[in-house]
Amino acid sequence: MTVDRSEIEEFIYREARLIDEHCYDEWLSLWADEGIYWVPCNGSDTDPKREVSFIYDDRVRLGNRVARLKSGLAYAQKPKSLLRRVVSNFEMEPGASDEMVVVRSNFILIELRRHVQTIWAGTALHRLRRDNGSFKIVMKKVVLLNNDEEISPMGFLI
């Protein structure tokens, strides 16, 4: 079986929609148990175990983040941000196999919160493993275009 590019694109589009619509449980179900969600700061090739990151969550911390967002106690999301993103420029890394695929994409995310519109842009790298006819996210790295500058508070999943 070969890797179907459109299947991978649809998976990433779905992941983006679930985040934008605050469907946290469905979004969390896309993650492998060993999944890592990483948003580095001060560059893209930093070491998250030695340097500060905006986010560096394993699956347990990711679950805690989702629980907090769902609880209504996350002040940074009262009211919830309205989110819409455009994902494009998909590139599959060479060596993709039937079981593991690495995909890069670019995104623009518009956040509207308390009458203020903010634009977020960057590159996402997904490491996906085939699982029961779909994929699980083993790792997602989001490199914000302005990750070496002061940024607005990010109380949502990017």
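Side-chain atoms are counted along with the backbone in the values below, which use heavy atoms only and exclude waters and symmetry mates.
In the hydrophobic clustering of ILVMFWY residues, with side-chain heavy atoms under 4.5 Å counting as a link, Ile36 and Val102 come out together. In this structure, Val66 is a member of the same hydrophobic cluster as Val39, with clusters built from ILVMFWY side-chain heavy atoms closer than 4.5 Å. Residues Leu128 and Val143 are members of separate hydrophobic clusters, defined by side-chain heavy-atom contacts under 4.5 angstrom among Ile, Leu, Val, Met, Phe, Trp and Tyr. Both Met92 and Ile12 are part of a single hydrophobic cluster, where members link through side-chain heavy atoms under 4.5 Å apart.
Phe11 is linked by a ring-ring contact (aromatic ring centres under 6.0 Å, His included) to Phe135, counting only residues two or more places apart in sequence or in another chain. Under the rule for a side chain to side chain contact (heavy atoms under 4.5 Å, CB included), the partners of Arg84 that lie at least two apart in sequence or sit in another chain are Asp20, Glu21. Scored by the salt bridge (charged side-chain N to carboxylate O under 4.0 Å, His left out) test, Glu10 finds no partners at all (sequence neighbours excluded). In this view, Asp25 and Lys70 satisfy the side-chain hydrogen bond (donor to acceptor under 3.5 Å, both in side chains) rule, not counting sequence neighbours. Not counting sequence neighbours, Arg59 has no partner by the salt bridge (charged side-chain N to carboxylate O under 4.0 Å, His left out) test. In this structure Asn106 satisfies the side-chain hydrogen bond (donor to acceptor under 3.5 Å, both in side chains) test together with Thr123, sequence neighbours excluded. In this structure, the side-chain hydrogen bond (donor to acceptor under 3.5 Å, both in side chains) partners of Arg104, at least two apart in sequence or on a different chain, are Glu93. With sequence neighbours excluded, no residue forms a salt bridge (charged side-chain N to carboxylate O under 4.0 Å, His left out) with Glu91. Take Ser134 and apply the side-chain hydrogen bond (donor to acceptor under 3.5 Å, both in side chains) test, not counting sequence neighbours, and it matches no residue.
Of the possible polar contacts, one joining the His22 side chain to the Ser81 backbone as a donor-acceptor pair under 3.5 Å is found.
Val138 has its side chain within reach of Glu34: a pair of non-hydrogen atoms, C-beta onward, lies under 4.5 Å apart. Counting only heavy atoms from C-beta outward, the side chains of Trp27 and Leu62 approach each other to under 4.5 Å. Between Leu125 and Val103 the shortest side-chain heavy-atom distance does not fall below 4.5 Å. Between Glu111 and Gln117, every side-chain heavy-atom pair lies at or beyond the 4.5 Å cut-off. Using a 4.5 Å heavy-atom threshold, the side chains of Tyr56 and Tyr37 count as separate. In this structure, the side chains of Val52 and Cys41 come closer than 4.5 Å at one or more pairs of heavy atoms. Side-chain atoms of Arg127 and Lys136, non-hydrogen and from C-beta on, never get closer than 4.5 Å to each other.
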(Q) Walk me through whether Asn89 and Ser105 qualify under side chain to side chain contact (heavy atoms under 4.5 Å, CB included). (A) CA-CA 5 Å; Asn89 299 64; Ser105 60; 5.9 Å; no

Q: Evaluate the side chain to side chain contact (heavy atoms under 4.5 Å, CB included) criterion for residues Glu26 and Arg14: first the C-alpha distance (whole Å), next the side-chain angles of each, then the deciding distance (0.1 Å), finally the verdict.
A: CA-CA 10 Å; Glu26 287 179 75; Arg14 180 171 180 252; 3.8 Å; yes

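Note: Asp58 CG to Trp38 CH2 = 15.0 Å, rounded to the nearest 0.5 Å. Within the model, atoms CZ of Arg114 and CG of Leu82 stand 12.5 Å from one another, a figure rounded to the nearest 0.5 Å. Between Ser29 atom OG and Ile137 atom CD1 the span is 9.0 Å, to the nearest 0.5 Å. One finds the CD1 atom of Ile19 at 9.5 Å from the OH atom of Tyr24 (value rounded to the nearest 0.5 Å). How far CG of Leu83 is from CZ of Arg17: 13.5 Å, rounded to the nearest 0.5 Å. How far CZ of Arg129 is from CE of Met139: 13.0 Å, rounded to the nearest 0.5 Å.
Applying the side chain to side chain donor-acceptor pair (under 3.5 Å) test to pairs two or more places apart or on separate chains, those with a residue in residues 137-147 are Glu15-Lys140. Pairs of residues two or more places apart, or lying in two chains, that qualify as salt bridge (charged side-chain N to carboxylate O under 4.0 Å, His left out) and include a residue from residues 46-57 are Asp57-Arg61, Asp57-Arg65.
Checked against the 6.0 Å centroid criterion, the rings of Phe90 and Tyr13 qualify as a close aromatic pair.
Grouping Ile, Leu, Val, Met, Phe, Trp and Tyr by side-chain contacts under 4.5 Å, direct or through others, puts Ile108 with Ile110, Ile119.
Counting all heavy atoms, side chain and backbone alike, Pro40 lies closest to Val142 at CD-O, 3.1 Å.
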